[in-house]
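Written below as structure tokens is the structure these notes are about.
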Amino acid sequence: MSLAAEAFVSQIADDQILLSDHASSLAVQAYLRMCNLPVQVACRANAEYMSPSGKVPFIHVGNQVVSELGPIVQFIKAKGHSLSDGLGEVQKAEMKAYMELVNNMLLTAEVYEDVSQCCQALSQRLGTQPYFFNKQPTELDALVFGHLFTILTTQLTSDELGEKVKNYSNLLSFCRRIEQNYFEDHDKDSITSSTSRLSKGSSLM
Amino acid sequence: MGTVHARSLDPLPMSGPDFGVHGDDAELVEVEPEAKQEVLENKDVVVQRVHIDGLGRTKDDLLGYEIAEVFTATNLIDVMKKSHEAREKLLRLGIFRQVEVVIDTSDGEDALSNGVDVTFEVAELRRLTGSYNTMVGNNEGSMVLGLKLPNMLGRAEKLTFQFSYGTKETSYGLSFFKPQPGHFDRNLSINMYKVSGQFPWSSLRETDRGVSTEMNFPIWKTNHTLKWEGVWRELGWLARTASFAVREESGHSIKSSISHAMVIDTRNSAILPRRGALLKINQELAGYTGGDASFLKEDFEIQLNKRLFWDSVLSTSLWGGLLVPIGDQPSCIADRFYLGGPTSVRGFSMYSIGPQSEGDYLGGEAYWAGGMHLYTPLPFRPGRGGFGDLFRTHFFLNAGNLCNLNYGEGPRAHLQKLAECIRWSYGAGIVLRLGNIARLELNYCIPMGVQSGDRICDGVQFGAGIRFL
């Protein structure tokens, strides 16, 4: 593995974090774990002010700081790790389109209809495959996992959003799969803290 | 200095040197107190009345304290001297544009034969005054626009609004000042401000919004300031290349601190003193009154000046400081000490000594710095007695150290830490005094004792500032 450095995924303290920031942090964590890179999560109250773009999450590798999923994927690709290299041009374009959809519809998750539509589209695309592009997860899987898992496990004043997602059983098992494969049996010792945080709230099991 | 006039209502021709105020044989205009001292001193007078003409919004009771001394005068020279002192005191209140003194023989039914009346003719400042200045800070310049309401409530209170735009700092502030009647040195002020500064040596940007109240009072020969300050600080990094250590410091915090400062200053001038000494001690306790920052900070400054042969002056200074964090939180980059630059340890770049990360200087929790200067007039003394007197040449030797201490280790280890890796430099240069508040220096420096990570300025270094080692 050429990328030897540890990556910090920083986010604001857990009790103050915004839903969308939590989703983005989780997506980045999932992506790094899918790339089989060591991750150490650090929560900082001033994370937004530390980030070069003013947004969380960001990673700190050596003396470099990169924020948000898109640039992080690019950065890690430049270091020789990529999950979407095996995809064809058409598939890459499709993946980008779906990521765009998720970003647009789930980041502003107040609009329930949008969530519903988005879930339906994702559910159809996933079908019976383990990941969106069959056997191997990509950044799209990381992103979808970040958002759906956040919606499912965060206790909100109303459960409406979570209930919407629970209507799609293949999306539910998709989330479970990623949680099991990348957050549980994956190097147990170093991620205990983030796993415990992950399974806080309503569990998927 | 204003002219002291002494005259009677119906002036008579001058009758020789004996011009007392007895009876009608008095008078004259324009007395030179020094020249006629012997003659006038013998004449006893009684100050019967003191008038202040030209008062508008100023309250009488405030001025009573300032002029009371005039009544104690027993001869004419004394009257002049005390009137002059009272005039100085009135001007110091900062509420009059102009104060003139008229000393006159008493008039009216109860007038004594040796009675005099003293009249202060004053012109009050306008209700609203404006000002425009350029200022020099430590290696930075700024333009200051001010609006002032002098004598706002009639007892020398002052409300000031100031906007300053500088090369590194931009600030504005509102300040209310109130002196104790009769004791101008004892005063209270309340300030509100916002300051935005850039510190390129740390890749740091800081915006402070704060409130402070401060009390000044003299005790014997010392001046004291007690201050409470509450400030909301916003730290950010200046460039994308900022080190992670500086990024970690960014964000919002609140500091609430009480501080005490004591100053004894016997120097004849603050900028190029010929004699006298300065002792400044400053202590700050943060966190006790709330806020995120908790620390105790102490620092001091000593300067001794000794006049030597041929108008040369030997000046020795020593600075030192200690910051002790209280509780588990480490100290904040904005509270730590910085050292180096043309106004402290010369030959090093501005604040570029000590702990650093990826080229960003993080400051230290302990420091000391010492300097020895030999100031001499310019060679061959061009412009002597005039412009040339604003200049000095100087030879200097500076030394200092800045580091972090492990407070578990005890004083012996601390002293050892401060004594190793000492930075020092020597050189010579020209100093220009700007008024009595700032000075410019052009030096040739030879830095020594450079440690890895320090940024040096080998050769010519220019400095401007108000506080110098």
Side-chain angles (χ1 to χ4, degrees), chain A residues 3-18 20-22 24-25 28-29 32 37-79 190 193-194, chain B residues 194-209 231-255 287 290-294 325 327-336 355-363 452-453 455:
Chain A
L3 192 63
E6 278 183 318
F8 282 79
V9 180
S10 294
Q11 57 186 39
I12 326 179
D14 226 22
D15 47 339
Q16 297 171 1
I17 193 161
L18 285 172
S20 56
D21 287 343
H22 188 260
S24 308
S25 296
V28 167
Q29 268 186 71
L32 294 170
L37 294 170
V39 189
Q40 195 178 324
V41 181
C43 287
R44 298 287 172 85
N46 60 346
E48 281 169 295
Y49 303 95
M50 294 168 69
S51 161
S53 66
K55 286 182 180 153
V56 286
F58 65 85
I59 61 168
H60 176 216
V61 183
N63 59 1
Q64 281 172 297
V65 181
V66 188
S67 67
E68 297 177 77
L69 184 63
I72 287 172
V73 169
Q74 291 298 317
F75 173 79
I76 287 175
K77 190 177 176 185
K79 299 279 178 187
S190 73
S193 67
S194 65
Chain B
K194 181 185 169 189
V195 186
S196 306
Q198 298 193 341
F199 310 105
W201 45 85
S202 305
S203 297
L204 187 74
R205 189 179 49 209
E206 181 175 354
T207 302
D208 288 358
R209 296 170 182 87
V231 48
W232 164 25
R233 303 190 289 198
E234 187 183 344
L235 299 179
W237 33 271
L238 261 183
R240 290 182 80 90
T241 53
S243 65
F244 197 71
V246 168
R247 282 179 192 276
E248 281 184 298
E249 302 265 4
S250 55
H252 296 266
S253 66
I254 300 234
K255 179 179 93 168
D292 305 321
S294 272
D328 314 326
Q329 279 231 9
S331 58
C332 169
I333 192 168
D335 295 316
R336 291 195 284 263
Q356 54 109 6
S357 167
E358 297 168 39
D360 292 338
Y361 292 88
L362 304 175
S452 78
R455 208 172 287 151

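Convention: sequence-line order gives letters A, B, ...; per-chain numbering from 1. Since the structure is predicted, the reported quantities are computational estimates derived from the model, not experimental observations.
- Using modelled atom types, no side-chain atom of A:N63 and backbone atom of B:F244 make a donor-acceptor pair closer than 3.5 Å.
- More than 12 heavy atoms of other residues, nucleotides or ligands sit less than 6.0 Å from atom CD of B:E358.
- Here the CG atom belonging to A:N46 is positioned 11.5 Å from the CZ atom belonging to B:R247, to the nearest 0.5 angstrom.
- In this structure, A:Y49 and B:H252 have perpendicular ring planes: the angle between them is above 60°, well past the 30° mark.
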